[in-house]
There are 4 protein chains.
Amino acid sequence: MSAAPTAVVGETVAVTEEAERRRPGRPREARADEAIVAAVLDLLNEVGFSGLTIDAVAHRAGVGKATIYRRWEGKEQLVLDALTAGRFEFVEPDTGTLRGDLLAYYLPLTESDAQQGAVGLMPALAAEAAINADLAERLRAFVSDRRGPVAAILERARERGELGDDVDLDLTIDLLTGPIMYRLYFSGGPVDPGMIRQLVDHVLRAVGARAT
Amino acid sequence: MSAAPTAVVGETVAVTEEAERRRPGRPREARADEAIVAAVLDLLNEVGFSGLTIDAVAHRAGVGKATIYRRWEGKEQLVLDALTAGRFEFVEPDTGTLRGDLLAYYLPLTESDAQQGAVGLMPALAAEAAINADLAERLRAFVSDRRGPVAAILERARERGELGDDVDLDLTIDLLTGPIMYRLYFSGGPVDPGMIRQLVDHVLRAVGARAT
Amino acid sequence: MSAAPTAVVGETVAVTEEAERRRPGRPREARADEAIVAAVLDLLNEVGFSGLTIDAVAHRAGVGKATIYRRWEGKEQLVLDALTAGRFEFVEPDTGTLRGDLLAYYLPLTESDAQQGAVGLMPALAAEAAINADLAERLRAFVSDRRGPVAAILERARERGELGDDVDLDLTIDLLTGPIMYRLYFSGGPVDPGMIRQLVDHVLRAVGARAT
Amino acid sequence: MSAAPTAVVGETVAVTEEAERRRPGRPREARADEAIVAAVLDLLNEVGFSGLTIDAVAHRAGVGKATIYRRWEGKEQLVLDALTAGRFEFVEPDTGTLRGDLLAYYLPLTESDAQQGAVGLMPALAAEAAINADLAERLRAFVSDRRGPVAAILERARERGELGDDVDLDLTIDLLTGPIMYRLYFSGGPVDPGMIRQLVDHVLRAVGARAT
DNA sequence: AGGTAATCGAGACGGTACGTCTTGTCTTAAT
DNA sequence: ATTAAGACAAGACGTACCGTCTCGATTACCT
């Protein structure tokens, strides 16, 4: 997924091979994007998603409101792009065993810091995605992005022979990620190291993983 | 969880044994509750959660805004109660086998009608719950309510000997429900009969279920 | 002309004889009118007509913007009403002679204070009146209001026999007022005691006034 | 008054005799002036003065906004110049008598076409002039321009002996023009042939004109 | 029967964010 | 240096909702 701002109406993606003919007029200020995204991330920490206003973002970024609306369609798109742009790099653990990798990947989620921001954010984005097809697609892409590391872990395991060729990797990811999100966002159930370990062990048994 | 309106501040739940001493003054109009809840459900279908306004509900229900605020604390509580009040009864299937029961319970979720309303609603409620402790608790209760039938299914299976005593029922429910919600709300992955069947089979293997 | 706020849509003037049935709902706050009008007059002095914003009026009056828009249609109507409501009482001089009365009435206009506010205001209102029939009528009424004292002066003169019955009073007023406004607003010509005296003498001669 | 665009700051009017040293760089497009002025006159008819925006003028004229701002200081100056540039030539009637000349000059004003544009325009300019000294001067010049024909009429009358040497020509013009403008812009009183005739006769008597 | 008191529908209230608009300046590449 | 195009910061616009408050009228219980 690209970190580039949402293309707005008429911004034809005519970036065809050849020339990519410069559009006439003053080009968009590249630094404005950065300033806006930085302001969004700042404000998300300070007032949360629902307390974030476009006026505040504009002021904090030293930017006119129109500059924001020229680049994004609304708060949700903006936040999603800010998150995408500012994403911390995911570690792709490599401990040598499938179980070790999965634990290394999921255990950090039990720290409250990690849960903090996401809990308020993801549901808000999902809610908006329900009535905004474009955002829905962007949200899917964002989520899909985060599936990458787990997919890599599983593929390495398959190469090592820990997983059979018949195992549905997508479903396996959902078996791991689904219960965690469900607890975080909806049921409020605990997401602690014990739960993660139990979860991983269940899933390993479900997919018939065999230690090498 | 009670379908009764949220008790508002100071409205002590002093409905203690004795007499339930009638409060002085004109009693609350019972029909207003129904009219309001009906209006909410109507409007949710028409404009969705985020498009729903208290003004519109009041007007549609032929009721003053104050009457709504006297009974509920805000949009989310109101919607949650409306959903609770208007909930269709869940069937608790009893096919004789754990696998049969689970499929009978989850397969209906693959019909688009069932997914329709929830997709926009649950994330919106979860988003609000993130900044409203009271609503969070109500949401948990609402969600927990829906876990009931599955819990009953699992307990019957345990009594039949299909499930060992050591199986964590809560985690089992999350293993089933989590991936479905995750796909519906976040990843946009398919939730169809094939996926449900695969999911149930995986979970049965994970918890070491044995057919009787 | 009434100092009452402009009637807005649907505010049927059904103040028929009988009962003047109270409209349902919370009545409009009478003090808000006063506070808003006072704020407008304050701000007109401080920033002038074109510098006046509805936000500033609302803030100064301690009132929401909607409260202003509920009562007036826009800046011009509001200012016109504020002027009307806050009008200082015109003296109706009575010196015993037509010439004395006219000088007593018009000479104060040469003081710069008197010219201050009007110069920016009247043309702005006239400009808006050109594209707003409702405002045009209100402006005419406002202007007509100010013709009153001169009309009274002329009528007294006629009773005394200083003016013939055939004199067109309206045109006479215009002969006096027109040149003054023309200089103030358009030509920038001087409006000083000498000019006023010359003007009055010319007009007296034009209408064939004879001292008694 | 010149129809040339307002000289902008620093753009010294050094177009002295001698050489008019060509300035470096691309010369200003002469046709732009015409296109802009034409666009302004078009738009004034379509949306009126207050509805006219610089963006619209630029787009209609096929010109960049900067090109307008390089030549004029703002909306009012631009409009004033557009009017000046497009002014129809005033006839300077010469009927042989003062009364005949004045009627010939003023009677055309009673046609609604003549009143159309000016009614919305002049007050708007006057309003702006109240807070813009430069525009005020330009407005005075514009108005003064229109006084020219009347001044010429009066001077010819004086040469013929119809007017005494002691008559204040400026005040006489104001006595004629003032009441007309006052009615057009503020009081909304009638400006028809009867009114004009009455006005002229009154003024002639006021200044003691004698037929030759 | 009269008094007391909380309710009712209606809608105005102060606040605040929205997304649009206009202004006058600035920045491109091209002329 | 000027051009057309259009992005820029600033900030007012008028609308929409929020949750509260204020009306007169209503509806019950309690003297």
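Quick note: numbers below take in every heavy atom, side chains included, and nothing from hydrogens, waters or symmetry partners. Every chain is numbered from 1, with letters handed out A, B, ... down the list of sequences.
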Q. Partners of B:Glu29 by side-chain hydrogen bond (donor to acceptor under 3.5 Å, both in side chains), sequence neighbours excluded?
A.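 B:Arg26.
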
Q. Which pair of non-hydrogen atoms, one from D:Ala127 and one from C:Pro123, has the smallest distance, and what is that distance?
A.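 Taking every non-hydrogen atom into account, N-CB, 3.4 Å.
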
Q: Mind listing the closest non-hydrogen atom pair of B:Ala32 and B:Thr67 along with its distance?
A: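 Result for this residue pair: CB-CG2, 4.3 Å.
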
Would you please name every residue forming a side chain to side chain contact (heavy atoms under 4.5 Å, CB included) with [X], sequence neighbours left out?
X: D:Glu46; answer: D:Asp42, D:Leu43, D:Arg60
X: D:Ala61; answer: D:Ala35, D:Ile36, D:Ala39, D:Val63
X: B:Thr53; answer: B:Asp55, B:Ala56

Rounded interatomic separation in angstrom, taking [atom1] from [X] and [atom2] from [N]:
X: D:Ile36; N: F:dT2; atom1: CD1; atom2: C1'; result: 13 Å
X: B:His59; N: E:dA12; atom1: NE2; atom2: C1'; result: 16 Å
X: D:Leu78; N: E:dT23; atom1: CG; atom2: P; result: 11 Å

Q: Kindly say if C:Arg71 contacts the phosphate of E:dC13, meaning a side-chain N or O under 4.0 Å from OP1 or OP2.
A: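 Checking E:dC13 against C:Arg71, a side-chain N or O does come within under 4.0 Å of OP1 or OP2.
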
Q) Looking at C:Asp33, C:Val40, C:Leu41, which one forms a side chain to side chain contact (heavy atoms under 4.5 Å, CB included) with C:Val37? A)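 Only one of C:Asp33, C:Val40, C:Leu41 forms a side chain to side chain contact (heavy atoms under 4.5 Å, CB included) with C:Val37, namely C:Leu41.
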
Identify the pairs formed between an N or O of the protein and an N or O of nucleotides 25-27 of chain F at a distance under 3.5 Å, and give each distance.
from, atom 1, to, atom 2, distance (Å)
F:dT26, O2, B:Arg26, NH1, 3.0

**Q.** Under-4.0 Å salt bridge between D:Arg138 and D:Asp81
**A.**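 Yes.
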
Q) What one-letter contact string describes nucleotides 9-16 of chain F from 5' to 3', where B marks a base within less than 4.0 Å of any protein heavy atom, S marks contact via sugar-phosphate atoms alone, and - marks no contact? A) S--SSBB-

(Q) Can you identify which nucleotide, out of E:dT7, F:dA5, E:dA12, has its nearest atom closest to the B:Arg28 side chain? (A)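 Closest of the options to the side chain of B:Arg28: E:dT7.
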
